[in-house]
Amino acid sequence: MGSRIQPGGNFPGDLPVPGIPAQPGMTNIDRHMPGMLGDNCYHKLRYYMASCEDALLQRQRDTRNARTAPDIQRRLCCSLYFYHDCLSKVVVQHCRDASPMVVNLVMPENRRREMVINCRTQTRDQCNGSSHFKSVFQVVLNLTMVYEDNILNDKFEPTYLGFDFSTQQLKAIAINEKLEIIHQAAVQFDNDLPEFRTQGGVNKKEGSNVVTAPPLMWVKALDMVLERLKISGLDFGTVQSISGTGQQHGSVYWKKGSREKLKSLNSAKFLHHELQDAFTLRDSPIWMDSSTTEQCQALEKALGGPEKLATITGSRAYERFTGPQIAKIAATRPEVYNATERISLVSSFAASLFLGDYAPIDLSDGSGMNLLDIWSGKWSQICLDATAPGLKSKLGDTVVPMATVIGPISSYYVDRYGFSESTSIVAFTGDNPASLVGLVLDEGDIGVSLGTSDTVFLSLRNPTPSVNWHILINPINPDDHMALLCFKNGSLTRERIRNETAEGSWDIFNELIESTPRGNFGNIGFYFDSTEVYPLVKGDFRFNKFNEKVARLSKEVEARAVIEGQFLRLRLHASSLGYTEISDSCIKVTGGASCNSTFLQILSDVFNKPVYRQTMGNSASFGTALMAKYALVADKISFKEMSSSLEMFKLVCKPSKDAHGIYTPMVERYKILEDKIKTETETNN
Ligand SMILES: Nc1ncnc2c1ncn2[C@@H]1O[C@H](COP(=O)(O)OP(=O)(O)O)[C@@H](O)[C@H]1O
Ligand SMILES: O=C(CO)[C@@H](O)[C@H](O)COP(=O)(O)O
């Protein structure tokens, strides 16, 4: 078989197609991606592809037996689909790094054209009823059309990419010059990467407060999301800059030697193959972890108390903050700490993957570590010393503002995906600062994110540090600040109560809620699946209108109680940030649960404010796509000027007339009950 293909000779697949001149031996790999697969793989491919061609020819000959023109058409298309199927197998077998994109590039150009022109209406399913392959073949058509549109016709539209490495998924958004979203893709960790056995994107250690996620899962998700973006039609060659965000506080531990590895990534291999040995900790501690109470107490003591620590770093010590997490590893696993060359936040870890080098931590995400002086924008030596030995060199000396170009993209992405060498990487930040950017918050507006966590945030000019909330450096203007409140038990708790009361359906859950009145007959519920950030309590607590504990509530009342309880908590604690009912500000809402209008009506009623929803999808990834663009023009225009053309909010709810009368007294009751639960828990411990 091998003798049939001579080096430089004709490729047997290049049969004449009516109306299209044959281009012997010419695949897109030859033309556009020389060396993409590596020489060995490429030569083996050309050798074995001959048998696919044989099968195709045989199938094409068999079409003679067809009786009608549509049947001939169907068979011809099916033969091409099977040909593609065969190529996929060869690529998988001989190249290891197989993907629909590679297969499509391997396919001779005349065959691809044949498929595009003749098989637009003929799906793979019509060949053998298998839906498994449908997406693959749609992909081929998609890619080919993109190729036809963008490469052959030479259209060029600059794009900017934003990635959100959040708790449950990796999301990506591409915007154009007009800041319109033109492509989106996502990888859900539980469903798309089941081999990591996460639930809600995390692993919880039974019987403890330890919560982790494997960094290799995030790396593999990046491999996948890039493929999905490609499939969605994004031409990576148009990307001018990339930024991104990560769930806050989580930390990644790079093994000694990983910097060299990052600098010399082999573009013929998947990133997750390349980085499988790059980490000293296989499981990274993340923001849901609350196993570091001891380290928090030690840090506050070393600094002279929680207020003193909050005055320097913007927050008292919190279990999920990176400083206490590092302190725990240094104390309990010194061998891991000593073998670690660099500690990244999830955000700077993700930026490092694109940069091909260790990326600096940015000022806003760095403010969530209990290690950064939020006034000078530099590491606080006293905090570093109280945390772990030699920490500064492991974190990297410099901390940068978000709108900073930190370098060009690694050649890995140029060679593997066709990014331009001049694509800039812009510092990545935390998901909440990025949401502040993506929501383009006006002075006084309140941002609410209903994601895995529930958070409230706002921009602040002259903040006063407090032990009750977090102050972070503002991602848009590093001279300003932002305030943040975070509650751990958000969407996953809502999902649990939905599953218990409404057969796992949001529609039924909403119907249950709507069958009960505002104020829920005076019942109030607290639902803490994991130990909450404040109060440090776990468990369910239900109270009737007399503030008496009750064991259970009816399904309808329970459904409303979880949502009202969560939003009362947000309002109570937001009032310490300066929220008042009187101002004419509004709430801008984002996060996965913000699509639920029943929830948003309750949010609007509890806060007695109009609620606007972001229409640009996920605000964190959108915010970083904006930052990716802004970093390239920041010396010419302000962020406000750049984003002034955006019309991205829709008024979804106005407060009901009776909302103030119902919820203002209820917030007061919520506070009394929260204090009661807190005191009881402390007494019992
Ligand atoms: N229709 C809906 N109603 C309420 N919640 C929803 C709905 N659709 C999705 N969600 C919630 O959105 C959550 C994911 O939110 P998201 O902001 O994407 O999470 P993260 O960014 O933390 O990974 C899911 O856990 C789910 O409970
Ligand atoms: O810990 C915090 C903020 O302090 C969380 O808000 C994390 O940043 C995770 O965010 P989501 O995945 O819920 O968006």
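One-based numbering along the sequence shown. Order of listing sets the numbers, starting from 1, for every ligand and every atom in it.
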Practice problem: Return the orientation label for the Tyr630 and Phe639 ring planes: parallel under 30°, perpendicular over 60°, tilted otherwise. | Solution: perpendicular
Practice problem: Answer yes when Glu532 and Arg569 have at least one side-chain N-carboxylate O distance shorter than 4.0 Å, and no when they do not. | Solution: yes
Contact table ligand 1 N or O to protein N or O, d under 3.5 Å:
residue: ligand 1; atom: 3 (N); partner: Asn596; partner atom: ND2; Å: 3.1
residue: ligand 1; atom: 15 (O); partner: Gly592; partner atom: N; Å: 3.3
residue: ligand 1; atom: 17 (O); partner: Gly592; partner atom: N; Å: 2.8
residue: ligand 1; atom: 18 (O); partner: Gln169; partner atom: NE2; Å: 2.9
residue: ligand 1; atom: 18 (O); partner: Lys171; partner atom: NZ; Å: 3.1
residue: ligand 1; atom: 21 (O); partner: Ser166; partner atom: OG; Å: 3.0
residue: ligand 1; atom: 21 (O); partner: Lys171; partner atom: NZ; Å: 2.9
residue: ligand 1; atom: 22 (O); partner: Thr452; partner atom: N; Å: 3.1
residue: ligand 1; atom: 22 (O); partner: Thr452; partner atom: OG1; Å: 2.5
residue: ligand 1; atom: 23 (O); partner: Ser166; partner atom: OG; Å: 2.8
residue: ligand 1; atom: 23 (O); partner: Gln168; partner atom: N; Å: 2.9
residue: ligand 1; atom: 25 (O); partner: Gln168; partner atom: NE2; Å: 2.9
residue: ligand 1; atom: 25 (O); partner: Glu495; partner atom: OE2; Å: 2.5
residue: ligand 1; atom: 27 (O); partner: Glu495; partner atom: OE2; Å: 2.5

Quiz item: Between Thr455 and ligand 2, does any nitrogen or oxygen pair lie at a separation below 3.5 Å?
Solution: no
Quiz item: Do Ser232 and Gln184 have side-chain atoms, one donor and one acceptor, less than 3.5 Å apart?
Solution: no
Quiz item: Would you call the rings of Phe509 and Phe599 parallel, tilted or perpendicular, where under 30° means parallel and over 60° means perpendicular?
Solution: perpendicular
Quiz item: In terms of residue, atom name and distance, what is the protein heavy atom nearest to atom 3 (C) of ligand 2?
Solution: Asn432 ND2, 3.2 Å
Quiz item: Among protein heavy atoms, which lies nearest atom 8 (O) of ligand 2, and at what distance?
Solution: Asp431 OD1, 2.7 Å
Self-check item: Residue Thr452 vicinity, atoms of ligand 2 by number, heavy atom under 4.0 Å
Solution: 12 (O), 13 (O)
Quiz item: Of the listed options (Gly490, Gly200, Ser453), which comes nearest to atom 13 (O) of ligand 2 when hydrogens are ignored and any heavy atom counts?
Solution: Ser453
Quiz item: Is it true that the side chains of His573 and Glu674 contain a donor and an acceptor less than 3.5 Å apart?
Solution: yes
Quiz item: Hey, is ligand 2 close enough to His470 that some N/O pair sits below 3.5 Å?
Solution: no
Quiz prompt | Check ion pair Arg320-Asp289 (N to O, under 4.0 angstrom) | solution = no
Self-check item: N or O contact, Trp287 vs ligand 2, cut-off under 3.5 Å
Solution: no
Exercise. Establish, for the pair Lys650 and Tyr612, whether the NZ or CZ atom is under 6.0 angstrom from the six-membered ring centre and no further than 45 degrees off its axis.
Key: no
Quiz prompt | salt_bridge(Lys220, Glu195) N-O dist < 4.0 Å | solution = yes
Practice problem: Show your reasoning for whether side chain to side chain donor-acceptor pair (under 3.5 Å) applies to Arg494 and Ser491. | Solution: CA-CA 5 Å; Arg494 290 188 280 275; Ser491 280; 3.1 Å; yes
Practice problem: Have a look at ligand 2 and work out which part of Gln168, if any, has a heavy atom under 4.0 Å from it: side chain, backbone, both or neither. | Solution: neither
Quiz item: Do any N/O atoms on Ser166 end up under 3.5 angstrom from N/O atoms on ligand 2?
Solution: no
Self-check item: Ser449-ligand 2 polar pair, N/O distance under 3.5 Å
Solution: no
Quiz item: Relative to the heavy atoms of Gln248, which atoms of ligand 2 are at a distance of less than 4.0 Å?
Solution: 3 (C), 7 (C), 8 (O)
Quiz item: Just checking, any donor-acceptor pair under 3.5 angstrom between side chains of Trp287 and Thr452?
Solution: no
Quiz item: For the residue pair Phe165 and Phe349, does the interplanar ring angle fall in the parallel (under 30°), tilted (30 to 60°) or perpendicular (over 60°) class?
Solution: perpendicular
Quiz item: Should the proximity of Thr167 to ligand 2, defined as any heavy atom under 4.0 Å, be assigned to the side chain, the backbone, both, or neither?
Solution: both
Quiz prompt | Exercise: do Arg560 and Thr516 side chains pair donor with acceptor under 3.5 Å | solution = yes
Practice problem: With atom 1 (O) of ligand 2 as the reference point, say which of Arg320, Gln169, Lys488 has the nearest heavy atom. | Solution: Arg320
Quiz item: Quick one: do the Thr404 and Asp362 side chains pair a donor with an acceptor below 3.5 Å?
Solution: no
Quiz item: What residue and heavy atom of the protein are closest to atom 2 (C) of ligand 2, and at what distance?
Solution: Cys486 SG, 3.3 Å
